Amino acid sequence: MAGLSLKNICKVYSNGYEAVKDFNLEIEDREFIIFVGPSGCGKSTTLRMIAGLEEISSGELKIGDRVVNDVEPKDRDIAMVFQNYALYPHMNVFDNMAFSLKLRKVPKAEIESQVREAAKILDLEKLLDRKPKQLSGGQRQRVAMGRAIVRNPKVFLMDEPLSNLDAKLRVQMRTEIAKLHERLGATIIYVTHDQTEAMTLGTRIVVMRDGIVQQVDTPQNLYNKPCNRFVASFIGSPQMNFFEAVCEEQDGKAVLKIGNERISLPGEKGGALLSDGYKGKQVIMGIRPEDVHEAGPEETENVIESEVTVYELLGAEVYLYSELQKTNMIARVAATTTAKVGSKVRFAFDTEKIHVFDKDTEKVITN
C-alpha cells in the first residue's frame, strides 16, 4: 500500500474552464479519504487525475515516492471501482475478477488462489459461475470490488460506487466497504455526493465546492467545527438552521438579535464576537436541528415561540418545521412530542452549540 501527495493540482480544460483549483492534500498510507461535495465540484475529476484518466494541467502528484503525472494508468498500481460496475457481460464472475491478472500473465494457480480469496472476503464463492445479468446490483458491485482486490494495488479509487443501489443495499454495502478497509488495511480514496456515506466511512473527509477544497478534517470535526457556512450546511442531515442576526452587547455579554428575538451567547462564543469587532454588525447564526428542543415550563432564556407548519415522524424521532422571523427552522425532537401541525411550541436553543459566521465572507467566527 502507499500514501499519496497532491501539490497545487489544477485541471483547466481547453475552453478555459477550471474544474479543480490548487488542490493540496497529503494522504497517509492506509487512510480512508472521502471526496464529498455537490455535483460539478471537481471531486470525480480529481479522482480521475489520480487514476491517470484525466491529464493534470499543473501541479505534482505522487503515489508513494514516485511522481506519476506522466505515468500511464496501468503503471500507477491503482485499482478503480466505478458506479456502473463496468463488468464484462459475456464473462462469469470468476473470469471478470481474474481478467486483469490474466492480462498480466499471472500463473494460473496464483490467479485461482487470489480470485477465490477475494471471493471469500466478499461472500461471492457461490456466485463464481454466474454471469453479471444473473446478479443483483449489490452482488455486481461486490464483483467490481473483487476485481480490484485481486490486483492488490497500492491505492483503491472508488467513484460513487453505491449510487446505483437502493437505500437498503447502500447501507449494507457501506458496512461491507468499511469491513473491507479494516481487513485489507488499504489506502482508499472514495468519491460521493452523499454526506451520510462520507460521515460513516471516512477517516478524513475533503469537502469541495467549485473546484476548491473548503475543509479537510475528521467527520466529527467537520460536523462540530465547520470552517464556513457551506461546510456547515453540506454536512449534516437535515441541514443546519441559519438565521440573519445582529450582534449586540448587553451587560458585557454578546446577544444575537433575530428580529424581535434575542439569543444570549455563552462566555467564549460571545467574547469571540465582541473581541473581533462584530458589535452592531450583521452575522449569520447557525444551529443544528438536534440542538433545538421543546422548552420546559421552567426554561425562559433563549426561548422562542413558533407555530409548527410541518410534522415528520421518523420512528424514534420527529422533525418539527416552523419559522423564526420568516426563516424556516427545523427542530429534531423525540417521538413522544405532543406537538402537531398548527401547535404553538416554545423552542429553546442549546447556546453552547451555536455557530456564528461572518455575513460577507461566510467564514466561521466561532463554533
Side-chain angles (χ1 to χ4, degrees), residues 1-11 19-20 22-39 41-56 59-69 71 73-86 141 144-149 151-163 173-174 176-209 211-219 222 235:
M1 303 301 168
L4 288 89
S5 172
L6 293 89
K7 289 183 179 172
N8 310 116
I9 298 289
C10 296
K11 177 63 184 178
V20 178
D22 199 27
F23 188 104
N24 289 277
L25 183 65
E26 297 294 323
I27 301 173
E28 297 291 327
D29 185 20
R30 300 171 185 270
E31 262 202 290
F32 198 137
I33 289 279
I34 308 274
F35 293 170
V36 71
S39 296
C41 71
K43 55 191 185 295
S44 287
T45 303
T46 306
L47 195 77
R48 289 172 65 81
M49 284 192 284
I50 294 170
L53 303 175
E54 287 276 4
E55 194 178 318
I56 296 171
E60 181 185 82
L61 170 63
K62 277 185 178 179
I63 297 178
D65 298 324
R66 183 169 68 141
V67 177
V68 297
N69 287 46
V71 175
K74 65 183 176 61
D75 299 322
R76 293 192 182 197
D77 202 6
I78 53 96
M80 194 154 180
V81 180
F82 298 93
Q83 68 186 82
N84 63 354
Y85 321 132
Q141 193 54 274
M145 286 178 188
R147 187 175 53 191
I149 290 168
R151 293 182 53 198
N152 193 25
K154 286 182 178 174
V155 183
F156 288 89
L157 306 179
M158 300 188 179
D159 190 5
E160 304 207 30
L162 309 186
S163 60
M173 286 302 297
R174 272 209 314 262
E176 293 298 322
I177 291 171
K179 286 180 186 171
L180 198 60
H181 178 245
E182 286 295 317
R183 191 175 298 185
L184 298 176
T187 305
I188 298 178
I189 305 173
Y190 186 107
V191 162
T192 181
H193 63 268
D194 183 330
Q195 51 94 18
T196 306
E197 261 174 50
M199 293 290 284
T200 52
L201 284 172
T203 49
R204 281 193 302 158
I205 300 173
V206 180
V207 182
M208 296 182 69
R209 180 191 192 190
I212 298 169
V213 173
Q214 302 292 306
Q215 188 171 351
V216 183
D217 219 324
T218 61
L222 281 178
I235 300 294

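The shown structure was predicted, so the numbers you read here are calculated from the model rather than taken from an experiment.
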Chemist: Do the non-hydrogen side-chain atoms of V68 and K62 ever get within less than 4.5 Å of each other?
Modeler: no
Chemist: To the nearest 0.5 Å, what is the distance between CD1 (I50) and OG1 (T45)?
Modeler: 11.0 Å
Chemist: Does any donor atom in the side chain of T200 or R174 lie under 3.5 Å from an acceptor atom in the other side chain?
Modeler: yes
Chemist: So how far is it from E176 CD to Q141 CD, rounded to the nearest 0.5 Å?
Modeler: 11.5 Å
Chemist: Give a yes or no on whether the backbone of M208 and the side-chain of K43 come within a donor-acceptor separation of less than 3.5 Å.
Modeler: no
Chemist: Quick check: do I56 and I9 have side-chain heavy atoms less than 4.5 Å from each other?
Modeler: yes
Chemist: Applying side chain to side chain contact (heavy atoms under 4.5 Å, CB included) between F32 and each of I189, I205, I188, report the one that passes.
Modeler: I188
Chemist: Testing the basics here: between A2 and V155, what is the closest heavy-atom pair and its distance to 0.1 Å?
Modeler: O-CG2, 4.1 Å
Chemist: Using side-chain heavy atoms (C-beta onward) and a distance below 4.5 Å, is V206 in contact with L25?
Modeler: yes
Chemist: Which pair of non-hydrogen atoms, one from P153 and one from A148, has the smallest distance, and what is that distance?
Modeler: CD-O, 3.5 Å
Chemist: Just checking, is any N or O donor in the side chain of T187 or E31 under 3.5 Å from an acceptor N or O on the other one?
Modeler: no
Chemist: Can a donor-acceptor pair be found between the side chains of Y190 and E160 at a distance below 3.5 Å?
Modeler: no
Chemist: Using a 3.5 Å distance criterion without hydrogens, assess whether the side chain of R30 forms a donor-acceptor pair with backbone atoms of G3.
Modeler: no
Chemist: Rounded at 0.5 Å granularity, tell me how far CZ in F82 sits from CE in M158.
Modeler: 12.0 Å
Chemist: When K154 is tested against each of D29, L4, D77 for side chain to side chain contact (heavy atoms under 4.5 Å, CB included), which residue passes?
Modeler: D77
Chemist: Taking C-beta and beyond as the side chain, do T46 and V191 meet within less than 4.5 Å on heavy atoms?
Modeler: no
Chemist: Minimum heavy-atom separation for E26 and S5, please, with both atom names.
Modeler: OE2-OG, 2.8 Å
Chemist: Please name the pair of heavy atoms, one in P219 and one in G202, separated by the smallest distance, quoted to 0.1 Å.
Modeler: CG-O, 3.3 Å
Chemist: Rounded to the nearest 0.5 Å, what separates atom CZ in R209 from atom SG in C41?
Modeler: 11.0 Å
Chemist: Is I149 close to L184 at the side-chain level, that is, under 4.5 Å between some pair of heavy atoms?
Modeler: yes
Chemist: Is the closest side-chain heavy-atom distance between L47 and M80 below 4.5 Å?
Modeler: yes
Chemist: R204 and I27: which non-hydrogen atoms are nearest, and at how many Å?
Modeler: NH2-CA, 4.1 Å
Chemist: Tell me if the CG atom of D75 is crowded by more than 12 foreign heavy atoms within 6.0 Å.
Modeler: yes
Chemist: Please name the pair of heavy atoms, one in M145 and one in P161, separated by the smallest distance, quoted to 0.1 Å.
Modeler: CE-CB, 4.5 Å
Chemist: Taking the ring centre of each residue, are F23 and F35 less than 6.0 Å apart?
Modeler: yes
Chemist: Can K11 and E55 be said to form a side-chain contact (heavy atoms from CB on, under 4.5 Å), step by step?
Modeler: CA-CA 8 Å; K11 177 63 184 178; E55 194 178 318; 4.1 Å; yes
Chemist: Say you draw a straight line from CG of L61 to CD1 of I63; how long is it, rounded to the nearest 0.5 Å?
Modeler: 5.5 Å
Chemist: Any side-chain heavy atom of N8 within less than 4.5 Å of one from N24?
Modeler: yes
Chemist: For E60, does the CD atom sit with more than 12 other heavy atoms under 6.0 Å from it, leaving out its own atoms?
Modeler: yes
Chemist: Does L157 offer a backbone N or O that forms a donor-acceptor pair with the side chain of D159 under 3.5 Å?
Modeler: no
Chemist: Between the side chains of T192 and E197, is a donor N or O closer than 3.5 angstrom to an acceptor N or O?
Modeler: yes
Chemist: First locate atom CZ of R66, then atom CZ of R76, and finally report the distance between them rounded to the nearest 0.5 Å.
Modeler: 8.5 Å
